[in-house]
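Everything on this sheet refers to the single structure shown next.
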Amino acid sequence: MDISSVLQGGYQHPVSRSWQSRSELTKSMFMYPILISDDPDSNADVPSLPGQRRWGVNTLEDFLSPIIQKGLKSVFILGTPTKVKKDSQASAADDPNSPVILAIQKLRELFPSLYIAVDVCLCHYNIHGHCGFLHPDGVINTEISVARIADIALAYARAGADCVAPSDMMDGRIKAVKQKLIDTGFGNRCTLMSFSPKFATSLYGPFRSAAGNAPAFGDRQCYQPPVSAKGLARRIIQRDAAEGADIIMIKPALFYLDIIAEATRLVPDHPIACAQVSGEYAMLRAGAATGVFDLKTVVIESAQCMVRAGG
């Protein structure tokens, strides 16, 4: 079956069905990012992200239950391992006992109707911290990178994820993941959300500190688009939609409202997601802490602005 024919993966779950219509801000539009540790009993402060914690599989229930009771419908799992053995194949990413896979399985058991989305990348598990594999000269080896990313995405889908979200920004990885899902029977059972685009911004600093995934050398500017690249962003959005993305995600959010609006214009029939990243979060928390504004009020305002732009 041709990739462009498979649409059901984008609305196989009641939550993702609700995202198919433009609407006012509602509780079901939020996805709570969960930082998953490889310590199963973790409940650790994240100094760079005030108010956030690194959770273990055994502590998820007590944390999430009251939020779900208040109306949370969806979570976004991000692996933040601290003890994992990193290697040249990112082997720990889809190990059956990896914290991400165990967390997916645990949440599926605890909260059957919760929509579980999962970040897919190599950087937390690669020995050098980059989002793909490298040639000897340090240039990205695209083909083996996207093949490995597709394998990891499939492992997360098999574990019970409702949505896989490749965040690596490798060329062609959306097509590779979509084809892998289709070939293995998950094409209409798992949503594919594309980071389209994920900019090379300075706003990822607090998360990189929390996750310990900064590159060991160089930077990610050769595969994450420059912050001023509006035309390139448009090309990425259109490419990823054509390659089978069910949802287009813009990252960061508040600094890039124009790109969210561009995505709405370019692919008006796709749900547009936007990730308010760690630097944006930290700024809102810091402003509220000094009395510049009320935290809840500014958080709601920021979310309403993202919806206004098309998120």
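If you're wondering where the values come from, they're calculated on a predicted model, not measured in any experiment.
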Q: Determine, using the 4.5 Å side-chain heavy-atom cutoff (strictly less than), whether Tyr11 and Val177 are members of one ILVMFWY cluster.
A: no

Q. Which value, rounded to the nearest 0.5 Å, describes the distance between Lys251 atom NZ and Leu203 atom CG?
A. 11.0 Å

Q: Would you please test Arg53 and Phe63 for side chain to side chain contact (heavy atoms under 4.5 Å, CB included) and show each step?
A: CA-CA 10 Å; Arg53 306 185 79 80; Phe63 169 61; over 6 Å; no

Q: Please tell me if the side chains of Leu107 and Leu64 come closer than 4.5 Å, counting only heavy atoms from C-beta onward.
A: yes

Q: Could you give me the CA-CA distance, side-chain angles and deciding distance for Ile272 and Val267, then say whether side chain to side chain contact (heavy atoms under 4.5 Å, CB included) is met?
A: CA-CA 9 Å; Ile272 306 300; Val267 286; 4.0 Å; yes

Q | Any donor-acceptor N/O pair, Gln179 side chain to Ala176 backbone, under 3.5 Å | A | no

Q: Is it possible for you to say whether Ile144 and Ile174 belong to one hydrophobic cluster, with membership spreading through side-chain heavy-atom contacts below 4.5 Å?
A: yes

Q.
Would you compute the distance between atom CD of Gln224 and atom CZ of Phe199 and round it to the nearest 0.5 angstrom?
A. 10.5 Å

**Q.** Side-chain donor or acceptor of Glu61 paired with backbone N/O of Leu110 under 3.5 Å
**A.** no

Q. Would you say the side-chain atoms of Asp119 and Ser167 include a donor-acceptor pair closer than 3.5 Å?
A. yes

Q. Hey, is Asp39 close enough to Arg54 for a salt bridge, meaning N to O under 4.0 Å?
A. no

Q. Given side chains that start at C-beta, do those of Tyr156 and Ile101 come closer than 4.5 Å, heavy atoms only?
A. yes

**Q.** Lys296 atom NZ: more than 12 heavy-atom contacts under 6.0 Å
**A.** no

Q | In one Ile/Leu/Val/Met/Phe/Trp/Tyr side-chain cluster, 4.5 Å: Ile116, Val57 | A | no

Q | Within one Ile-Leu-Val-Met-Phe-Trp-Tyr cluster: Val277 and Met29, side-chain cutoff 4.5 Å | A | no

(Q) I want to check something: taking the side chain as every heavy atom from C-beta on, are Met31 and Met249 in contact at a cut-off of under 4.5 Å? (A) no

(Q) Determine whether a donor-acceptor pair (N or O, by modelled atom type, separation under 3.5 Å) exists between the side chain of Thr80 and the backbone of Ile36. (A) yes

(Q) Closer than 3.5 angstrom, by distance alone: can the side chain of Gln238 be matched with the main-chain N or O of Leu266 as a donor-acceptor pair? (A) no

Q | Test applied, side-chain hydrogen bond (donor to acceptor under 3.5 Å, both in side chains); reference residue, Gln12; option that passes from Asp246, Thr191, Asn188 | A | Thr191

Q: Please assess Ile152 against Leu122 for the test side chain to side chain contact (heavy atoms under 4.5 Å, CB included), listing each intermediate value before the final yes or no.
A: CA-CA 9 Å; Ile152 295 167; Leu122 307 180; 3.2 Å; yes

Q: Could you grab the distance from atom CE of Met193 to atom CZ of Phe76, nearest 0.5 Å is fine?
A: 5.0 Å

Q: Of all the heavy-atom pairs spanning Thr264 and Gly310, show the shortest one and how long it is.
A: OG1-CA, 3.4 Å

Q: Compare all side-chain heavy atoms of Gln304 with those of Arg308 and state whether any distance is below 4.5 angstrom.
A: no

Q) Counting only N and O atoms by type, is there a donor-acceptor contact under 3.5 Å from the side chain of Ser98 to the main-chain atoms of Asp94? A) no

Q: Grab the two heavy atoms, one from Val15 and one from Ser28, that are nearest each other, plus how far apart they are.
A: CG1-O, 4.1 Å

**Q.** Validation row: Leu72, Lys27 side chains within 4.5 angstrom (heavy atoms)
**A.** no

Q: Could you grab the distance from atom CD1 of Ile250 to atom CD of Gln276, nearest 0.5 Å is fine?
A: 14.5 Å

Q) Within the side chain of Thr184, is there an N or O that forms a donor-acceptor pair under 3.5 Å with the backbone of Lys180? A) yes

Q. Are the side chain of Ser42 and the backbone N or O of Asp38 linked by a donor-acceptor pair below 3.5 Å?
A. no

Q) Would you call Asp168 and Lys198 a salt bridge, using N to O less than 4.0 angstrom? A) no

Q. Are side-chain heavy atoms of Leu192 and Pro166 found at a separation under 4.5 Å?
A. yes

Q) Does Cys190 offer a backbone N or O that forms a donor-acceptor pair with the side chain of His13 under 3.5 Å? A) no

Q) Looking only at heavy atoms, what is the nearest atom pair of Leu232 and Pro225, with distance? A) CD2-CB, 3.8 Å

Q: Measure the shortest side-chain to side-chain distance between Arg108 and Asp162 over non-hydrogen atoms and say whether it is less than 4.5 angstrom.
A: yes

Q.
Testing the basics here: between Ser278 and Pro206, what is the closest heavy-atom pair and its distance to 0.1 Å?
A. OG-CD, 3.4 Å

Q) Going by heavy atoms in the side chains, are Ser194 and Arg173 under 4.5 Å from each other? A) yes

Q: Please work out which of the three classes, parallel, tilted or perpendicular, describes the rings of Tyr115 and Trp19, given edges at 30° and 60°.
A: perpendicular

Q.
Minimum heavy-atom separation for Asp240 and Ser196, please, with both atom names.
A. OD2-OG, 2.5 Å

(Q) To the nearest 0.5 Å, what is the distance between CG on Asp258 and CD on Glu262? (A) 7.0 Å

Q. Could you go step by step and tell me if Val164 and Phe186 meet the side chain to side chain contact (heavy atoms under 4.5 Å, CB included) rule?
A. CA-CA 11 Å; Val164 290; Phe186 286 90; over 6 Å; no

Q | Val299 with Ile67, same ILVMFWY side-chain cluster at under 4.5 Å | A | no

Q.
Can a donor-acceptor pair be found, under 3.5 Å and without considering hydrogens, that links the side chain of Ser65 to the backbone of Asp62?
A. no

Q) Counting distance only, does the side-chain N/O of Asp45 pair as donor-acceptor with the main-chain N or O of Pro47 below 3.5 Å? A) no

(Q) Rounded to the nearest 0.5 Å, what separates atom CZ in Phe111 from atom CD1 in Ile68? (A) 4.0 Å

